[in-house]
Amino acid sequence: MSNVELSPNYFRMRMTAPQELLASAPGQFLMLKVTDAIDPLLRRPFGLFDVGTFTAEYAGCGAQTYCEILYKVVGKGTKLLSALHHGDVVDLLAPLGRGFDLGPAGEEKVLVGGGVGLAPLYYLAKALVERGEKVRLFAGGRNRDDILCITEFERLGVETYVATDDGTLGESGFVTQVLERHLSKGMRIFACGPTPMLDAVAKMSARHEVPCQVSMEAYMACGVGACLGCVMKGANHTEATPDYRCVCKDGPVFDSFDLQWS
Amino acid sequence: MSNVELSPNYFRMRMTAPQELLASAPGQFLMLKVTDAIDPLLRRPFGLFDVGTFTAEYAGCGAQTYCEILYKVVGKGTKLLSALHHGDVVDLLAPLGRGFDLGPAGEEKVLVGGGVGLAPLYYLAKALVERGEKVRLFAGGRNRDDILCITEFERLGVETYVATDDGTLGESGFVTQVLERHLSKGMRIFACGPTPMLDAVAKMSARHEVPCQVSMEAYMACGVGACLGCVMKGANHTEATPDYRCVCKDGPVFDSFDLQWS
Amino acid sequence: MQRPDMSVAVAGIKMRNPVMTASGTFGYGAEFADYLDLESIGAMISKGLSLKPKAGNPTPRIVETPGGMLNAIGLQNVGIDAFIEQKLPYLKNVNTPVIVNLYGNTLEEYGEVAARLDGLSGVAGIEVNISCPNVKQGGIVFGTDPGAAQEVVRLVKKNTSKPMIVKLSPNVTDVVLMAKACADAGADALSLINTLTGMAIDLERRRPVLANVTGGLSGPAIKPVALRMVWQVARAVKLPLIGIGGIMNGRDALEFMLAGATAVQVGTASFLDPSAAQRIAGEMEQYLVDHKIDSVSSLIGALEV
Amino acid sequence: MQRPDMSVAVAGIKMRNPVMTASGTFGYGAEFADYLDLESIGAMISKGLSLKPKAGNPTPRIVETPGGMLNAIGLQNVGIDAFIEQKLPYLKNVNTPVIVNLYGNTLEEYGEVAARLDGLSGVAGIEVNISCPNVKQGGIVFGTDPGAAQEVVRLVKKNTSKPMIVKLSPNVTDVVLMAKACADAGADALSLINTLTGMAIDLERRRPVLANVTGGLSGPAIKPVALRMVWQVARAVKLPLIGIGGIMNGRDALEFMLAGATAVQVGTASFLDPSAAQRIAGEMEQYLVDHKIDSVSSLIGALEV
Ligand SMILES: Cc1cc2nc3c(=O)[nH]c(=O)nc-3n(C[C@H](O)[C@H](O)[C@H](O)COP(=O)(O)OP(=O)(O)OC[C@H]3O[C@@H](n4cnc5c(N)ncnc54)[C@H](O)[C@@H]3O)c2cc1C
Ligand SMILES: Cc1cc2nc3c(=O)[nH]c(=O)nc-3n(C[C@H](O)[C@H](O)[C@H](O)COP(=O)(O)OP(=O)(O)OC[C@H]3O[C@@H](n4cnc5c(N)ncnc54)[C@H](O)[C@@H]3O)c2cc1C
Ligand SMILES: Cc1cc2nc3c(=O)[nH]c(=O)nc-3n(C[C@H](O)[C@H](O)[C@H](O)COP(=O)(O)O)c2cc1C
Ligand SMILES: Cc1cc2nc3c(=O)[nH]c(=O)nc-3n(C[C@H](O)[C@H](O)[C@H](O)COP(=O)(O)O)c2cc1C
Ligand code: FES
Ligand code: FES
């Protein structure tokens, strides 16, 4: 594996992975067991940032599938993860969940990422560019340290727009404000980031009548739809007629219309 | 720190330590917190194998005290310990307990170590040799992999005798049999190793009227005499008149007469 | 050497090995088919089912704690009818006993759910979860009151001809008293333990982490309590016991058998490793091979005290 | 900003901060003088003392469990007289309240130990450990029976003019019931929780690890149960509470205060880090500074539910 710090507290980790991951969809995620010990006990979920193959020459021992994650250190699991290095082994469960529906060709694709929410959008951008789609990325964060891998997106040919709360990179303000200026019918939104941002994007997409998919986060235990710990309220959820969706199994990517927003 | 495997499952670890450790006595021990996490939760006790000072030139930044331990991988704590390497930091509590009483000068000093029980005897041998004493070491183990650092003892000028159960190094049989052939009045025994060995040595020393100190092991939680978890029966212990001794505080080194043997 | 005999039977339910999957931690079974061979484990226990579908609690529902986790799923389930229609047909094709975990919001519901299952092929037995508040008796939990537990057990017994396992709560002063009460009321086997009630607090938000405030503690943290309770009950009650609580590997499982369990259930471990139940059965067998033990049942209650 | 006010008072015992050391985990205090400043902590609680010296249980007495440890020390102690003669004089010179934890092998002994301490200078208060078996009532534990607990509390109350803290056992169906019983019987404060009864098994030897078979579970593993019980009792009983169970750092301690505790006790943490109590008090203060909170007492029971 490799594990590099991209900006303070943000890391990009590449690990060898089973070949089946090549069949994964952007938006799917994996769960890592950070330690063999019981602390932390549960696996930690991360979006697939990229999946690919080392050539036999590069890998030195037959072609080798790898996957990458982009993560932020927020607690003890990610702290431990950040200390791993070449030669360490980490146990991964993947691919999990339902990824993005790329939608029909021809529409303009708009990716909206907040902070580490960029992670699954890179894998998505690659898939879209491969199909020859026009892709724009709107990336937001609190400050410039939260804006990651923009060059990588640009290298794919993605047009990028950046906004930071404090204006230390790109426009000053919320990325949703930038997005709103560029939004028009015929586009399709793919968003990942903090819930308040997704909430704003979902509402905006409704106003603009633009289809929108969001990738959600929730506390997870199993990642396979068994524990019912990660559920979210579906659009029609009421106390009397509850409608819970599993983020791990029915998501993490949902059509924004299928969920209940604030 | 440095951490090298001496023979299968036996490691020698050197770590920088507070200067106070220079005032420690052979036979004292330290307790290591193997991980910041809660698994394993408790500290693990290890005898001081050596304590010394790197010169300012060697350390590169002022003289630096270090200590060493010699340990065997037996469970999860020692397993984790064995994975540490240069640059890692481990939290140590030392020196703890009561060490060996070196006794009057002039007597011949006899060290008896079983397997990793050799650990505290090296520090002891150094102290004795420094005082100009004649020192012999009797080292036993199941097979040759259990016999460690004999060269280091010989370099100090210690006369060494080795026995292994399977005869793969030194004499075949128990080290106590070898010891018995060499034992005579005017000697003083210092023993560390598995309890059955210590039991045999204690009885032999009584028969030969040779003073004998033994370094004991017990499950420990606090290491400072507070939890009363590590106690052992004193010589006069009975159900009616109980006499428990703390291995961590009253020991780990005891006069063999002060303990109750099988 | 021959392969050791791993089979055990609990209240007439024959299993190829003692490893069952604990209710609520294995979905309805199918969720795990990609990760392990469902025909490699002893038995599967369904998510807890009630008469009507149940929405469960608001979120957050789970949180990690030191060496364990709290859950307040709130018994979300599809209801007994949907289970029978949608989930059971799949399970019938799996050659592994299926045990239905059930509960009622009232005493009567317990009886109705049991009746609904009686005679159904593909259901090898039922496990009655008595850790639910009895709404009518002011919220007292059936599983913490011997009298209330007996009522539930008697009623279910009347409504079923299937082997009936009663699952005990650890949140009691005297688990032996509860075990005896359930035994007297007609339980064919006892499983223990369910989760310990606990709580986690979000210091920054000054709120409980779980929307439900309290939740059930599971995982390695509770293993010592579970082992103790299995041992206590094994000495006092003749029924076969199923040990549950923090079992992560084959050694843990065998410890429960020494304490007196005929079989074990694997819960939280399946979240860390979806193939845990199969792996644990394999580790148990390997232990027997390594120690030249012919049959796993020879270990039941073999603790020397 | 000024330094936050860390002081609290429990039943009239004034402390510079809310961090006390838990009984049985801090020896008689002097053992830790090399590792922390005894005058930096809120209060010290002695090892549990009885009328006569007590030998305690055979060994092994302790074993590590996932995220915790079991102990079966068996209340080994020097006895109340030796404590007064040999340990108290040292403690009197330390400017930190000393609270004596006591227990009796019989009801009467509780009263006698309390009487022996009454009027002694240097003893700021007593903590009554009711988690002991009542030999006369067939081994039922005082702390799990409301009636028996009340008898103990009433008798001790009669024999002391010192602030009396009663320490509750978590091994009960309804901790609130026990808390109310003790409050009614005259407790001035309640501390909770003592250890959860558990067990560990040595698979190879097919024996319990502890010579005593069962032991008391402490450490991070039990924190969720402890928090839940503190919260439950805080809502039901007016007395000041002292939160105990798995507190490893300042954040843990503050969570207990949000749940309703006026002070906390640090137990197992002192084994991992002999200066834990001082460190935890420091971490609490730092949290207050970082969050611009003037006084730690403003957090007591501040959980929003
Ligand atoms: C489907 C999915 C995909 C994700 N993808 C990424 C990603 O690509 N990159 C990335 O950096 N992070 C991602 N996350 C969030 C990531 O899982 C959490 O940051 C991580 O689990 C925190 O672990 P920890 O031990 O460091 O923190 P903890 O000490 O457990 O907690 C620290 C904080 O993290 C939050 N947290 C803990 N567990 C989760 C969880 N399961 N989900 C959300 N928040 C949690 C808690 O609310 C807490 O405030 C994703 C989460 C989900 C559900
Ligand atoms: C005073 C003292 C000095 C010691 N010096 C050394 C030394 O110099 N080198 C060395 O290799 N070992 C030494 N030991 C033993 C060492 O502490 C244990 O091997 C170690 O704690 C095992 O930890 P673990 O996590 O790897 O094993 P665990 O997984 O905890 O247990 C594995 C086995 O180790 C035994 N064990 C666990 N904890 C202890 C303990 N506290 N004391 C004794 N046995 C234990 C258990 O009985 C178990 O069978 C010493 C022990 C004591 C009490
Ligand atoms: C997420 C979750 C859901 C659970 N749901 C149920 C349930 O529906 N019915 C039941 O009887 N027990 C339920 N349990 C309890 C488990 O079956 C088991 O008794 C408990 O988790 C202890 O075992 P473990 O430590 O191996 O997880 C649930 C446990 C968890 C963690
Ligand atoms: C080794 C040990 C000895 C203990 N002895 C006593 C005691 O004598 N009296 C008592 O009331 N509690 C005793 N306890 C319980 C602790 O005071 C405390 O209630 C419990 O350990 C939970 O706190 P913790 O998780 O912080 O350790 C003891 C605990 C341990 C670990
Ligand atoms: S994490 Fe278990 S159901 Fe989603
Ligand atoms: S280890 Fe605690 S008293 Fe010795």
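Source: prediction; values computed, not measured.
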Tell me whether B:Gln19 at atom CD has more than 12 heavy atoms from other residues, nucleotides or ligands lying less than 6.0 Å away. no

Is any side-chain heavy atom of B:Lys233 less than 4.5 Å from a side-chain heavy atom of D:Thr59? no

Highest number of heavy-atom pairs under 4.5 Å with chain B among D:Ile73, D:Leu272, D:Asp273 belongs to D:Leu272

With a 4.5 angstrom heavy-atom cut-off, which part of D:Tyr35 approaches chain B: side chain, backbone, both or neither? side chain

Please round to the nearest 0.5 Å and tell me the distance separating atom CG of B:Leu228 and atom CG of D:Asn71. 9.5 Å

Rounded to the nearest 0.5 Å, how far does SG of B:Cys230 lie from CD1 of D:Ile62? 7.0 Å

Using non-hydrogen atoms only, which part of D:Pro220 is less than 4.5 Å away from chain B: side chain, backbone, both, or neither? side chain

Separation between OH (B:Tyr219) and CD (D:Glu64), nearest 0.5 Å, reads 9.5 Å

Hey, is CZ on B:Phe54 packed in by over 12 heavy atoms from elsewhere, all under 6.0 Å? yes

Side-chain contact test, heavy atoms from C-beta onward, threshold under 4.5 Å: evaluate it for D:Pro58 versus B:Tyr244 and give yes or no. yes

Quick check on B:Met220 against chain D: is it the side chain, the backbone, both or neither that has a heavy atom closer than 4.5 Å? backbone

If I take atom NZ from residue D:Lys223 and atom CD1 from residue B:Ile38, how far apart are they, to the nearest 0.5 angstrom? 10.0 Å

Closest approach of D:Ala55 to B:Pro242 (non-hydrogen atoms, all atoms of both residues): CB-CG, 2.8 Å

Check: B:Leu93 and D:Pro274 side chains under 4.5 Å, non-hydrogen atoms: yes

D:Lys52 atom NZ, over 12 foreign heavy atoms within 6.0 Å: no

Determine whether more than 12 heavy atoms belonging to other residues, nucleotides or ligands lie under 6.0 Å from atom CZ of B:Arg14. yes

Separation between OG1 (D:Thr65) and CG (B:Leu42), nearest 0.5 Å, reads 8.5 Å

Neighbour count >12 (heavy atoms, 6.0 Å) for atom CG, B:Asp165: yes

Any donor-acceptor pair under 3.5 Å from D:Glu31 side chain to B:Val224 backbone: no

At a heavy-atom separation under 4.5 Å, does D:Asn57 approach chain B through its side chain, its backbone, both, or neither? backbone

Check D:Met69 against B:Ala221 and note the closest heavy-atom contact, atom names and distance. CE-CB, 3.9 Å

If I take atom CZ from residue D:Phe271 and atom NZ from residue B:Lys33, how far apart are they, to the nearest 0.5 angstrom? 13.5 Å

